[in-house]
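Take a look at the structure set out below.
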Amino acid sequence: MNNQNIAQTFAILQENKKQWQDSTLESLEKNPFFILVGCILSLRTKDQMTRQVAERLFKIIRSPQQLLSYSEDDIAQLIYPVGFYRRKAKNLIDISKILIIKYQSQVPSTLEELLELPGVGRKTANLVLTVGFGKPGICVDTHVHRIVNRWGYVKTKTPEQTEMALRDKLPQEFWIPINSLLVLFGQNICLPRRPRCGNCSIENFCDQVGIEKRETQTK
DNA sequence: AAAACGGGGGC
DNA sequence: GCCCCAGTTTT
């Protein structure tokens, strides 16, 4: 995989995307606060579980002020099924306080400011930046990290290294769509353990054609 | 029984 | 770098 066929790959994935159900974070209102809260809920959590909790939560909480009208225990109980509920509840409360005091109840729109918020790392900060604000950025989660390495487009060990490598190599027009495309591609086709190479539409561009057979054998 | 889930923080 | 987090689903 190189920059010659990356454009073609993206075009094909764009087309495939129409037949996949939107992921939860993509289906949220493009409101930075919702993206931020949704992102916190989704950490190490199945998309389906995030969706259930997020839908319930956003019916009653639409702003940092509303979030603070609940106690930490209340929030924890509301988001219980996503796991890590105690840490996430505390982070949501602490973040809301910071937004109100320091940012006039708004979500900050720079990477540096976002990274200072408790429980916000590079993946969350970049998703808020790109999806919430439409600013350039590269959001690397486990799907993006796994897939671009399978492609052989980059060879990196950590998601952060992947982000930096993509920042160098990937033409900027693909920065924002890469996450929304590869998350769905990763959930539907290029699965972590048993990728469905038989159903893959971009196998020609992948360094690991037929990886499904090997992964199935060894595990 | 284990591994995995759209990570992040503490050490 | 390594390890934990917590509950649920998948293998």
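Chain A is the first sequence line, chain B the second, and so forth, proteins listed ahead of strands; every chain is numbered from 1. Values reported hereafter were calculated over all heavy atoms of this structure, with side chains retained and with hydrogens, waters and symmetry mates removed.
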Could you note down all residue pairs passing ring-ring contact (aromatic ring centres under 6.0 Å, His included) where residues 28-48 of chain A supplies at least one of them, sequence neighbours left out?
A/Phe34-A/Phe58
Heavy atoms only, 4.0 Å cut-off, all strands: where does A/Gln187 land among base, sugar-phosphate and nothing?
base
Sequence neighbours excluded, the answer for side-chain hydrogen bond (donor to acceptor under 3.5 Å, both in side chains) partners of A/Glu160 is none
Output all residues satisfying side-chain hydrogen bond (donor to acceptor under 3.5 Å, both in side chains) with A/Asp74, sequence neighbours left out; order by chain, then residue number.
A/Ser71
Close approaches to DNA chain C from residues 157-180 of chain A, in residue order (heavy atom, under 4.0 Å)
none
Tell me which pairs pass salt bridge (Lys or Arg N to Asp or Glu O under 4.0 Å) where either residue lies in residues 35-47 of chain A, with sequence neighbours left out.
A/Asp47-A/Arg51
Please list, chain by chain and in numerical order, all residues satisfying salt bridge (Lys or Arg N to Asp or Glu O under 4.0 Å) with A/Glu15, sequence neighbours excluded.
A/Lys18
N/O-N/O pairs, protein side and nucleotides 7-10 of chain B side, under 3.5 Å:
residue	atom	partner	partner atom	Å
B/dG7	OP1	A/Thr142	OG1	3.1
B/dG7	N2	A/Arg87	NH1	3.3
B/dG8	OP1	A/Gly121	N	3.1
B/dG8	OP1	A/Thr124	N	3.1
B/dG8	OP1	A/Thr124	OG1	2.7
B/dG8	OP2	A/Lys123	N	3.4
B/dG9	OP1	A/Gly119	N	2.9
B/dG9	OP1	A/Val120	N	3.4

My validator wants the stems of DNA chain B: runs of 3 or more consecutive Watson-Crick or G-U pairs, both distances under 3.5 Å, written as range with range.
B:1-5 with C:7-11, B:7-11 with C:1-5
Contacts of A/Glu26 that satisfy salt bridge (Lys or Arg N to Asp or Glu O under 4.0 Å) - sequence neighbours left out
none
For nucleotides 1-3 of chain B, give me every protein contact, N/O to N/O, under 3.5 Å, one pair per line with atom names.
none

Which pairs with one or both residues in residues 78-94 of chain A pass side-chain hydrogen bond (donor to acceptor under 3.5 Å, both in side chains), sequence neighbours excluded?
A/Thr45-A/Lys88, A/Lys90-A/Asp94
Which side-chain hydrogen bond (donor to acceptor under 3.5 Å, both in side chains) pairs, counting each pair once, include a residue from residues 3-14 of chain A, with sequence neighbours left out?
A/Asn3-A/Tyr153
Rounded to the nearest angstrom, tell me the gap between atom OH in A/Tyr85 and atom P in B/dC5.
22 Å
